Amino acid sequence: MPRTEGTYKAQRAAAEGKAPEATKGKKVREHTKMVPVPNDYIIPERDAGKVVLECRHLGIDFGGLHAVEDFNLTVGKTEIAGLIGPNGAGKTTVFNLLTKVYQPTRGTIMLDGVDTAGMSTDRVCREGIARTFQNIRLFDSLTVADNVKIGLHNQIACTMAEGIFRFPRHWISENEFQKRALELLDVFGMADNADDIAGSLPYGAQRRLEIVRALATNPKLLLLDEPAAGMNPVETEELMGNIRKIRDDFQIAILLIEHDMDLVMGICEGIAVLNFGKIIAKGTPEQIQANPQVIEAYLGKQGED
Amino acid sequence: MEKLKSMSHATRSKLITIGMVVVAYFVMTGLMSAGAVSNSTIGLLIPICAYSCLAISLNLVVGISGELSLGHAGFMSVGAFTGVVMAQMLDGVIAADPMRLLVAMIAAAAMAALAGFLIGIPVMRLHGDYLAIVTLAFGEIIKNVLNNLWLGYDGDGLHVSMSNAAALNLEEGGKILINGPQGASGIARLSTFTAGVLLILFTLIVVMNLVDSRSGRAIMAVRDNRIAAESVGINTTRYRLMAFVVSAALAGMAGALYAMNYSSIVPKKFDFNTSILILVFVVLGGMGNIRGGIISATLLTILPEKLRFIGDFRMLIYAVVLIGVMLVSNNEAVKAVVTNLTSRFRRKGSKKPAATAVKGGGENA
Ligand SMILES: Nc1ncnc2c1ncn2[C@@H]1O[C@H](COP(=O)(O)OP(=O)(O)OP(=O)(O)O)[C@@H](O)[C@H]1O
Ligand SMILES: [Mg+2]
C-alpha cells in the first residue's frame, strides 16, 4: 500500500531536531540542533490561525519524472486561493494528490489539522475536500437533480434495506434529498433544469453542475480545476460572482486552477505559481504580477503565443 | 388516469412493468382453465418465471452497476441445491407446500448471497474485462465444487463429503440429498406458476426500489463515472459489492424455483452456457431495461420449444433469429424511430425526458 513517508508529526519532529521516540526518556539530553521550519506561508488576515489546508514537502514521481516536487502551500479557512502555471506544470496533479487519486510519494497533507496520509479518495471527501475536474466528469445518464443528490449522499442517511423495502426513513430521506438538491441548484439558478439529463446540458451548465455537486458534499475546501474553461466572458464574469458567493454563503475555502488571468487576479486573495512541478512564487495578485520569475515562466510565455 | 400523469417517471414505469406481469398471469391462468394451452407450454411456465427473475437480477449487475458478469448461473445453482436440500429436510416439518417453498427460497437467497459476498470481495478489486473473466472462472468453480459434493441426511443430521457417497457414512435409512455429478433427485416438486409469478414480482420490486433509492443512485454513479463517484465520497467498492450480492441472492431464489420444478437436477445444468443465456436475455432486452429483460427471457425460452418441429435445425434457426433480432434492435435507424415514438408518447404524459441512454460498464475518462 503506497503511503507517505512518515507522518506529519514525525516530519515536524525531524525538522525541529527532536529526538526520536526510542531515545526519549534517556537521562542525558542530547544536544538539540535547531533548524528553520518552512514558514513562508501567507493567508488572509481574517483567517489568522485558522488554516484549512497545509501541504508540506509534497511530491510525486511518475517513473523518473518529478511531476510535483517540494510543494508547500497553506490555505486559510475562508480564502479564495489560486494555483497557476503553464501547461503541464503539475497543477492538476496537485489536485489529484490532495484528493488521493494519487498517493503522494513524499510529504504531508493536513486538512483542518488532520493528516490525510493513507486515506482513500472517498474518505478524503468525507473529511472535507471536494473537487471539480478539468475534463468534466458528471454522471451523464442521470438527471441534474440526481447528480446533486449523489453529492449529498453522505449528508443524509438511509440504508439499502430501508430503501428496498420502503421503510419510512426512505421517504423522509428522499424528501430531504429533493429539497436540498433544489436549494443547491438554486445557488446557480439551475433549479429549472433539475429533471434534465446531465449529459445533455450545454458545456457551461455542466461546469456549473459539477460545482454544485461538489458543494453538496459539504466541503471545507473546494478545489476547482479550470472552472472557466470553455466559458465566454459573460459566463466567466458570472462565475466569478458565484465563486465569491459560495465563499461568503458557505464560509469555505476555495483553491482554483485557472488560465484566465482576469478571473485569477479578480478573485484570488493568495496565488501560488507552479512551474515544472515546483512553486516558483507565492503572493498577492499584485506581487505575482510584478514577479519577474513569474513573468518569465508564465506570463512571458503567454505573451509569445 | 390523472393520478398516473402526476406520478414521477420512475414510479409510473414501475407500475407499468408490474401491471404487465399481473395481466400476463391472469390471461395465462384464464387460458389454462379454459384448456386452451398445450401441455408443453404449461411445462415452460416455471422456467420462464425463473429465467425472468434471473434476467432481472443480472440486469442489476450488468445494466445498473455496469459490470459484465459471466457467472450468474453459479449463483443460480447455489440457490437451486440449497433450496432442494432445505425442502427435503423440511419434509414433514412444514406441512404446507407453499410455506416449505418459501422457507427453501429464503435459505437459497441467503446461501447465494453468501457466495456472492465471498466471490465479490476478490472480484470487486477488478474492473471491466478482467472482472468479467474472473466471474466466469468463479461460475465454473461453483459448478465443479457441486460436481464433487456429496450431502446426506440421517438421524445424526447432515453429512458432507467431497470424495464419494460411501464416505458420507449414512446410517440405515439415511438419505442422499446431493449425489456428486448426479446432483439431486427425488426432488419435491413444490414450484408452481403462481409462486413463479410472485417471485418475479418480488424480484422486480426489490430491483426497481433499489434503483430508485439512495443506494441505487450511488450504484449508478459508480457505473457512470467511478472517479467522480469517489470524489463525492462514495465508497465505490462497497456499492458495487452490494449490487453484486443482491443480484446473487435473487438469482439464488430463482434457482430454487427452477430446481423444484423438476424431479432431479444436475450441477452441469448450471454451466457457462446458462450464464451466457441469461446474459443474452439482458442484452437483448436492453441493458438496464428491466421490462425488456422479462420479455426477451420469455420469448427466448418459448422459441426453441416452438421450433421443435423442424428437428435438427432447431438451434441453428434459434441462433439465426437471435442474430437477426440483435442486428435489427441495434440498427441506428430503428433506434431513432423507437426513441421518436417513445418520446412523443412521453411528452403527452410528462415534460420530463426519459433516461433512455444507459451506458454499459467501464471507465469513461
Ligand atoms: N498518471 C500520470 N502518469 C504519468 N505522467 C503524468 C500522469 N499525470 C500527469 N503526468 C504528467 O505530469 C505533468 C503534470 O501534469 P498536470 O496534468 O498536472 O499538468 P497541469 O499543470 O494540470 O497542466 P494543464 O494546464 O495542461 O492542465 C505532465 O508532464 C504530465 O504528463
Ligand atoms: Mg490540468
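All of these numbers come straight from a predicted model, not from anything done at the bench. Chain A is the first sequence line, chain B the second, and so forth, proteins listed ahead of strands; every chain is numbered from 1.
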TODO: Might you point out which heavy atoms bring Phe139(A) and Asn225(B) nearest each other, and give the distance in Å?
DONE: CE2-O, 3.6 Å
Task: Leu152(A) portion near chain B, given a 4.5 angstrom heavy-atom threshold - done: neither
Task: Closest non-hydrogen atom pair between Ile234(B) and Asp122(A), with its separation - done: O-CB, 3.4 Å
TODO: In sequence, state the C-alpha distance, the side-chain angles, and the governing distance for Arg214(B) and His153(A), and then conclude on side-chain contact (heavy atoms from CB on, under 4.5 Å).
DONE: CA-CA 7 Å; Arg214(B) 173 179 177 269; His153(A) 188 83; 3.5 Å; yes
Open item on the list: Are more than 12 heavy atoms, taken from residues, nucleotides or ligands other than Phe250(A), located less than 6.0 Å from that residue's CZ atom?
Closed with: yes
TODO: Can you establish whether the number of heavy atoms outside Tyr130(B) located under 6.0 Å from its atom OH is more than 12?
DONE: no
TODO: Inspect the surroundings of CG in Asp186(A) and state if more than 12 heavy atoms from other residues, nucleotides or ligands are less than 6.0 Å away.
DONE: yes
Open item on the list: Quick check: do Arg217(B) and Phe177(A) have side-chain heavy atoms less than 4.5 Å from each other?
Closed with: yes
Open item on the list: If the threshold is 4.0 Å, N to carboxylate O, is there a salt bridge linking Glu230(B) and Arg131(A)?
Closed with: no
- [ ] Take atom CE of Met99(B) as the centre, draw a 6.0 Å sphere, and report whether it contains more than 12 heavy atoms from other residues, nucleotides or ligands.
- [x] no
Task: Separation between CD of Glu162(A) and OG of Ser215(B), rounded to the nearest 0.5 Å - done: 9.0 Å
- [ ] Between chain A and each of Thr236(B), Asn209(B), Asn235(B), count heavy-atom pairs under 4.5 Å; write down the option with the most.
- [x] Asn209(B)
Open item on the list: Shorter than 4.5 Å, heavy atoms on both sides: which option in Val124(A), Asn147(A), Leu138(A), Thr121(A) has the most such pairs with chain B?
Closed with: Thr121(A)
- [ ] For chain A, find which of Val232(B), Val206(B), Val211(B) contributes the most heavy-atom pairs closer than 4.5 angstrom.
- [x] Val232(B)
- [ ] Kindly compute the distance separating CZ (Arg137(A)) from CD1 (Ile227(B)), expressed to the nearest 0.5 Å.
- [x] 4.0 Å
Open item on the list: Taking side chain as everything from C-beta outward and backbone as N, CA, C, O, which of these in Thr217(A) sits under 4.5 Å from a heavy atom of chain B? Side chain, backbone, both or neither.
Closed with: side chain
- [ ] Decide salt bridge (charged side-chain N to carboxylate O under 4.0 Å, His left out) for Asp140(A) and Arg223(B); before the verdict, give the C-alpha distance in whole Å, the side-chain angles of both, and the deciding distance to 0.1 Å.
- [x] CA-CA 10 Å; Asp140(A) 284 332; Arg223(B) 170 196 71 196; over 6 Å; no
Task: Top of Lys149(A), Glu127(A), Arg123(A) for chain B proximity - count of heavy-atom pairs under 4.5 angstrom - done: Lys149(A)
Open item on the list: Does Arg126(A), at its CZ atom, have more than 12 non-hydrogen atoms belonging to other residues, nucleotides or ligands within less than 6.0 Å?
Closed with: yes
- [ ] Measure across Ser213(B) and Gly163(A) and return the closest heavy-atom pair with its distance rounded to 0.1 Å.
- [x] CB-CA, 4.1 Å
TODO: Answer yes or no: is there a side-chain heavy-atom contact under 4.5 Å between Arg166(A) and Asp212(B)?
DONE: yes
- [ ] Specify the closest pair of heavy atoms between Ala228(B) and Arg213(A), including all atoms of both residues, with the distance to one decimal.
- [x] CB-NH2, 3.7 Å
Task: Ile205(B) side chain near Phe165(A) side chain, heavy-atom distance below 4.5 Å - done: no
Task: Heavy atoms from other residues, nucleotides or ligands near CE of Met208(B) exceed 12 (cutoff 6.0 Å) - done: yes
Open item on the list: Between Val207(B) and chain A, with a heavy-atom cut-off of 4.5 Å, which part of the residue counts as in contact: side chain, backbone, both or neither?
Closed with: neither
Task: Non-hydrogen side-chain atoms of Leu142(A) and Met220(B) separated by less than 4.5 Å - done: yes
Task: Engaged part of Thr159(A) at the chain B interface, taking heavy atoms whose separation is under 4.5 Å - done: backbone
Task: Atom of Cys125(A), atom of Gly233(B) and distance for their closest heavy-atom approach - done: SG-N, 3.3 Å
